[in-house]
Amino acid sequence: MTLRADVAALTHTGAVRPANEDALAVGDWLAGADLSRPKQLTLEAPAAVVVADGMGGHAGGQLASREAARYLARRVPGAGAPEAVATALRDANGHLYDLVEQGQGAPGMGTTACVLALRPDGVVLGNVGDSRIHRWRAGELTQLSVDDTPGPKLADGRTAARTTPVLTQSLGGQPEPVRVDAHAEADAPQAGDAYLLVTDGLTDLVGRDAIAARLREHPGEAAVTALLDDALKEGGRDNVTIALVQLR
């Protein structure tokens with residue numbers, strides 16, 4: 001059998017920032033502007049979903065996130081194992097430094113990135129930075145990505161114990177090229193599983209229990225819309241990007 005997924009995806013500037021420095025790619029589709037409602041797409045393996053968050057305060061953050069999302073959406077579908085996804089993330093890091101060397105963007109431009117690769121026999125996920133991937137299974141929300149932030153983690157070893165704008169690593173983001181230690185692992189999905197990819201514009205304002213409650217209350221597009229509304233009601237101080245990938 002071939003793994004397929006229904007995706008509801010949304011990116012929004014929020015209520016405070018002047019521009020959207022997040023980026024979102026679902027298969028061959030790359031979000032070009034804010035969306036007033038979730039985009040609904042169907043994917044068939046091999047394919048990838050990418051969420052990236054350009055580093056606020058760094059010149060070229062919008063270009064960095066968009067280029068990383070574009071690069072990974074093209075590279076990752078051919079990656080069949082976690083190490084191949086980690087390599088794609090490391091190469092995306094190099095790609096951003098190459099762009100700066102070529103006079104595109106700005107020195108120090110950087111972004112986070114998290115990616116979910118759909119394979120015929122399962123999924124592989126990877127990340128650099130603090131954009132997150134969660135698995136939704138049987139009413140429980142579990143973080144699978146690893147937050148690249150300083151300070152303590154929760155008992156799962158992946159989730160930052162406190163919110164911070166500081167990153168310990170990113171794609172790009174330094175005056176000179178720096179190698180990244182990308183996180184990547186395979187996950188064996190079960191019937192009914194979904195994966196949630198988000199930027200910290202959501203998770204800094206809406207807690208895990210509240211996110212889980214929305215997923216219990218609403219399916220697909222309605223859940224994504226409700227989560228954006230929750231972030232805006234909490235002040236919407238950052239860009240918000242959400243992709244809910246329902247396997248079938």
Side-chain angles (χ1 to χ4, degrees), residues 5-44 46-77 88-89 91-93 95-96 98-100 102-106 109-118 126-129 131-133 170-173 195-203 220-229 231-232 236-246:
D6 296 319
V7 184
L10 180 68
T11 186
H12 194 279
T13 300
V16 175
R17 296 289 177 90
N20 191 348
E21 294 189 335
D22 286 359
L24 168 65
V26 180
D28 295 331
W29 176 77
L30 182 68
D34 277 15
L35 300 173
S36 59
R37 58 180 296 177
K39 177 83 168 177
Q40 298 189 78
L41 303 104
T42 299
L43 294 182
E44 181 175 301
V49 180
V50 185
V51 163
D53 182 353
M55 293 166 62
H58 288 238
Q62 189 173 42
L63 176 63
S65 64
R66 188 173 180 83
E67 283 295 324
R70 188 198 311 272
Y71 183 93
L72 290 166
R74 291 174 177 172
R75 273 285 306 275
V76 167
L89 284 161
D91 289 348
N93 178 58
H95 174 63
L96 294 185
D98 288 345
L99 289 176
V100 173
Q102 295 162 12
Q104 302 180 51
M109 70 177 187
T111 183
T112 71
C114 63
V115 56
L116 182 73
L118 272 63
N127 81 283
V128 172
S131 294
R132 293 178 176 173
I133 303 176
S170 62
L171 303 183
Y195 295 88
L196 183 70
L197 289 74
V198 297
T199 58
D200 64 357
L202 177 70
T203 52
E221 178 183 1
V224 172
T225 300
L227 289 171
L228 173 63
D229 289 345
L232 295 177
R237 63 176 183 261
D238 200 354
N239 310 143
V240 181
T241 299
I242 307 166
L244 181 59
V245 183
Q246 178 70 58

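Predicted, not measured: the structure shown is a model, and the values here were computed from it.
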(Q) Side chains of Thr112 and Ser131 only: does a donor on one sit below 3.5 Å from an acceptor on the other? (A) yes
Distance (rounded to the nearest 0.5 Å) between [X] [atom1] and [Y] [atom2]:
X	Y	atom1	atom2	value
Leu202	Asp238	CG	CG	10.5 Å
Glu21	Thr199	CD	OG1	11.5 Å
Leu35	Ile242	CG	CD1	11.0 Å

Is there a side-chain contact between Arg75 and Asp91 in this structure, where contact means two heavy atoms from C-beta onward sitting under 4.5 Å apart? yes
Any side-chain heavy-atom pair of Leu96 and Val100 under 4.5 Å
no
Main chain of [Y], side chain of [X]: is a donor-acceptor contact present, judged purely on distance under 3.5 Å?
X	Y	result
Asn127	Ala113	no
Arg237	Gly14	no
Gln62	Asn20	yes
Thr241	Val198	no
Asn239	Thr13	yes
Asp22	Asp53	no

Handout entry: Derivation of the side chain to side chain contact (heavy atoms under 4.5 Å, CB included) call for Val50 and Leu24
Key = CA-CA 6 Å; Val50 185; Leu24 168 65; over 6 Å; no
Between Arg132 and Leu197, does a side chain to side chain contact (heavy atoms under 4.5 Å, CB included) hold up when you go through it step by step? CA-CA 6 Å; Arg132 293 178 176 173; Leu197 289 74; over 6 Å; no
Restricting to non-hydrogen atoms, name the atom on [X] and the atom on [Y] that form the minimum distance, rounded to 0.1 Å.
X	Y	value
Ala33	Thr11	O-CG2, 3.8 Å
Ala231	Gly201	CB-O, 4.0 Å
Ile133	Gly126	CD1-O, 3.8 Å
Ser170	Asn93	O-OD1, 3.7 Å
Ala88	Val76	CB-CG2, 4.0 Å

key: side chain to side chain contact (heavy atoms under 4.5 Å, CB included) evaluation trace for Leu63 with Met109   = CA-CA 8 Å; Leu63 176 63; Met109 70 177 187; 4.0 Å; yes
Q: Could you give me the CA-CA distance, side-chain angles and deciding distance for Val49 and Val115, then say whether side chain to side chain contact (heavy atoms under 4.5 Å, CB included) is met?
A: CA-CA 6 Å; Val49 180; Val115 56; over 6 Å; no
- request: Mark yes when over 12 heavy atoms from residues, nucleotides or ligands other than Asp28 sit less than 6.0 Å from its CG; otherwise mark no.
  value: no
